[in-house]
A.B. asks: 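Before anything else, here's the structure in question.
Note that these values count all heavy atoms, side chains included, but never hydrogens, waters or copies made by symmetry. Quick note on labels: first sequence line is chain A, next is B, and so on, each numbered from 1.
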Amino acid sequence: MPELPEVEVVRLGLQPAVTGATVTAVTVLDERSLRRHPGPAEDFVDRLTGARLAAPSRRGKYLWLPLKTQEIPPENGALSPNGPKSDGSPAFSEAVVVHLGMSGQVLVRDRDTDDRITRIRLDLKHPVAGQVRLNFVDQRIFGSMAIDELIPDGGGRVPRSVAHIARDPLDPLFDDREFFRRLAMRRTGIKRALLDQTLISGIGNIYADEALWAARVHYDQPTATLSRPRAKRLLDEVRSVLGKALVEGGTSFDWQYLNVNGEAGYFAHSLNAYGRQGEPCARCGRPIVRETFMNRGSHFCAYCQRVR
DNA sequence: CCTCACACCTGGGTGC
DNA sequence: TGCACCCAGGTGTGAG
């Protein structure tokens, strides 16, 4: 379900509860949610239990919590508590990578609180928040948790499994010109390109349809024929729709997208195309059409959005 | 290298 | 009630 705004809402919600917390217990209720973890469930549990968590990061729809394995406290008068471990490996060289897939949620709960369809449970002890529980809930199990190595990337560090993901358009280091250049090189339709996370990340089916509607671009407009001004306009609309959705707390149609506190976002009220088939276009009044494209729905105004 | 179809999954809603 | 069928916000993989 979740696209960039929803994942960012989760990241913001996790921040106060996990930053500086120590993992006291890990319970894997369904090993399929560890599909992307390189190793058995016991390995995931062992490496995570006792680890200390740093502030959550995100790229596109991927979220990760850097972790530092619990050190054996040195003799009295410890030196550099935040320095490298005694074996010389840097602190926070690994992270728990979370991807919500189509239906994942991370719920921050009081200790002992359970949720339906919880696949993985992390019990934490936070210096301020006290005992908290993170329930990773995922109906369809397209999401996952995994421990992965952090590798250098553009001045920062990202999990190895996330390195192929492009920066998202809200990232200050997103390179507009490079995006336009690569877009023009493609031999495909614009919606396919917007959904390609190695070209631009964070956009999914809802926000692709919304941005295309706002920019009056047909979903199958060949990228190579999209003029630079239209491409710029489209990127502006992508940023606009993602930004507005983030402020509104994301798009919630049902219980499947909720923030870490179990609350819904409000952006569903602001949708102009997605899920509005048969309803009038907010610009021209003609009905919004739904077509199957890439095994999913594409919603657009057949009058305002034409290939040209 | 690029592009695209497909597999991977569960459960909620709808219509008969 | 039961049941078949359709729908769902994503991504890695491998064929061409």
A.B. asks: Run through A:D171, A:D168, A:D176 and flag the one making a salt bridge (Lys or Arg N to Asp or Glu O under 4.0 Å) with A:R239.
C.D. replies: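 That would be A:D176; it is the only one of A:D171, A:D168, A:D176 passing the salt bridge (Lys or Arg N to Asp or Glu O under 4.0 Å) with A:R239.
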
A.B. asks: Let me know the distance between OH of A:Y257 and C1' of C:dA8, rounded to the nearest Å.
C.D. replies: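 Computing the A:Y257:OH to C:dA8:C1' distance gives 17 Å.
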
A.B. asks: Check every nucleotide of DNA chain B for an atom under 4.0 Å from a heavy-atom of chain A, then give the first and the last such nucleotide from 5' to 3'.
C.D. replies: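 First-to-last contact on DNA chain B, by the 4.0 Å heavy-atom rule, is B:dT3 to B:dG12.
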
A.B. asks: Remember a base hit wins even if backbone is also touched, and classify A:R116 as base, sugar-phosphate or nothing at under 4.0 Å, heavy atoms.
C.D. replies: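 Counting heavy atoms under 4.0 Å across all strands, the contact made by A:R116 is with sugar-phosphate only.
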
A.B. asks: Reading DNA chain C 5' to 3', what string of ( ), [ ], | and . shows its pairs, if Watson-Crick and G-U wobble pairs count only when both distances fall under 3.5 Å?
C.D. replies: .|||||||.|||||||

A.B. asks: What orientation do A:F253 and A:Y274 show, parallel under 30°, tilted 30 to 60°, or perpendicular over 60°?
C.D. replies: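 Parallel.
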
A.B. asks: Would A:F142 pass as stacked on C:dG10, i.e. its ring centre under 5.5 Å from the base's six-membered ring centre and planes under 30° apart?
C.D. replies: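 The ring of A:F142 is stacked on C:dG10.
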
A.B. asks: Could you check how far CZ of A:R140 sits from C1' of C:dC6, rounded to whole Å?
C.D. replies: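 From A:R140 CZ to C:dC6 C1': 12 Å.
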
A.B. asks: Whether the side chain of A:R35 engages the backbone of A:A146 through a donor-acceptor N/O pair (distance < 3.5 Å, no angle test) should be reported.
C.D. replies: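 Checking the backbone N and O of A:A146 against the side chain of A:R35, no donor-acceptor pair under 3.5 Å is found.
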
A.B. asks: Report yes if a side-chain nitrogen or oxygen of A:H99 is closer than 4.0 Å to either non-bridging phosphate oxygen (OP1 or OP2) of C:dT11; otherwise report no.
C.D. replies: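 True: A:H99 side-chain N/O within range (under 4.0 Å) of C:dT11 OP1/OP2.
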
A.B. asks: What is the distance, rounded to the nearest whole Å, between atom CG of A:L4 and atom C1' of C:dG9?
C.D. replies: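 Going from CG in A:L4 over to C1' in C:dG9 covers 13 Å.
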
A.B. asks: Looking only at side chains, do A:E6 and A:Y207 share a donor and an acceptor under 3.5 Å apart?
C.D. replies: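 The criterion, which ignores hydrogens and geometry beyond distance, is satisfied for A:Y207 and A:E6.
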
A.B. asks: Please state whether the phosphate of C:dG10, meaning OP1 or OP2, lies under 4.0 angstrom from any side-chain nitrogen or oxygen of A:R296.
C.D. replies: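 Yes, because at least one side-chain N or O of A:R296 sits under 4.0 Å from OP1 or OP2 of C:dG10.
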
A.B. asks: For A:Y207, report the nucleic acid contact type (base, sugar-phosphate, nothing); a contact means any heavy atom under 4.0 Å.
C.D. replies: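 The answer is nothing, as A:Y207 stays clear of every strand by at least 4.0 Å.
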
A.B. asks: In whole angstrom, what separates A:K61's NZ from C:dT11's P?
C.D. replies: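 Spelled out: NZ on A:K61 to P on C:dT11 is 4 Å.
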
A.B. asks: Which class fits the ring pair A:Y219 and A:F293: parallel under 30°, tilted 30 to 60°, perpendicular over 60°?
C.D. replies: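 Ring orientation, 0 to 90° scale: tilted.
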
A.B. asks: Contact class for A:F267 vs. all strands (heavy atom < 4.0 Å): base, sugar-phosphate, or nothing?
C.D. replies: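 Touches nothing.
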
A.B. asks: Separation of A:Q139 atom CD from C:dA8 atom P, in whole Å?
C.D. replies: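 About 14 Å, once rounded to whole Å.
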
A.B. asks: Could you state the atom-to-atom distance from CG of A:D138 to C1' of C:dG9 in whole Å?
C.D. replies: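 From A:D138 CG to C:dG9 C1': 12 Å.
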
A.B. asks: CG of A:N205 versus P of C:dA8: gap in Å, rounded?
C.D. replies: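 From A:N205 CG to C:dA8 P: 8 Å.
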
A.B. asks: Does the side chain of A:K191 pick up a donor-acceptor pair with the side chain of A:S298 at under 3.5 Å?
C.D. replies: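 Judged by distance alone, the side chains do pair up.
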
A.B. asks: Under 4.0 Å between a side-chain N or O of A:H164 and OP1 or OP2 of C:dG12?
C.D. replies: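 Result: yes.
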
A.B. asks: Identify all side-chain donor-acceptor contacts of residues 105-112 of chain A below 3.5 Å with residues at least two apart in sequence or on another chain.
C.D. replies:
from, atom 1, to, atom 2, distance (Å)
A:R109, NE, A:D115, OD1, 3.3
A:R109, NE, A:D115, OD2, 2.9
A:R109, NH2, A:D115, OD1, 2.7

A.B. asks: When A:Q305 is tested against each of A:D209, A:V217, A:L212, A:D220 for side chain to side chain contact (heavy atoms under 4.5 Å, CB included), which residue passes?
C.D. replies: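 Of all the options given, the one that passes is A:L212.
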
A.B. asks: Hey, which sits more toward the 5' end of DNA chain B by its nearest nucleotide, A:R187 or A:N295?
C.D. replies: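 First, find each residue's nearest nucleotide; the 5'-ward one identifies A:R187.
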
A.B. asks: For the residue pair A:H37 and A:F44, does the interplanar ring angle fall in the parallel (under 30°), tilted (30 to 60°) or perpendicular (over 60°) class?
C.D. replies: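 The arrangement is perpendicular - the two ring planes meet at more than 60°.
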
A.B. asks: Between the main-chain N or O of A:R230 and the side-chain N or O of A:S227, is there a donor-acceptor pair closer than 3.5 Å?
C.D. replies: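 Answer holds: yes.
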
A.B. asks: C:dG12 phosphate, OP1 or OP2: any side-chain N/O from A:Y62 under 4.0 angstrom?
C.D. replies: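 Affirmative; the distance criterion is met.
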
A.B. asks: Output the rounded distance in Å from CZ (A:R59) to C1' (C:dT11).
C.D. replies: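 After rounding, the gap between these two atoms is 17 Å.
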
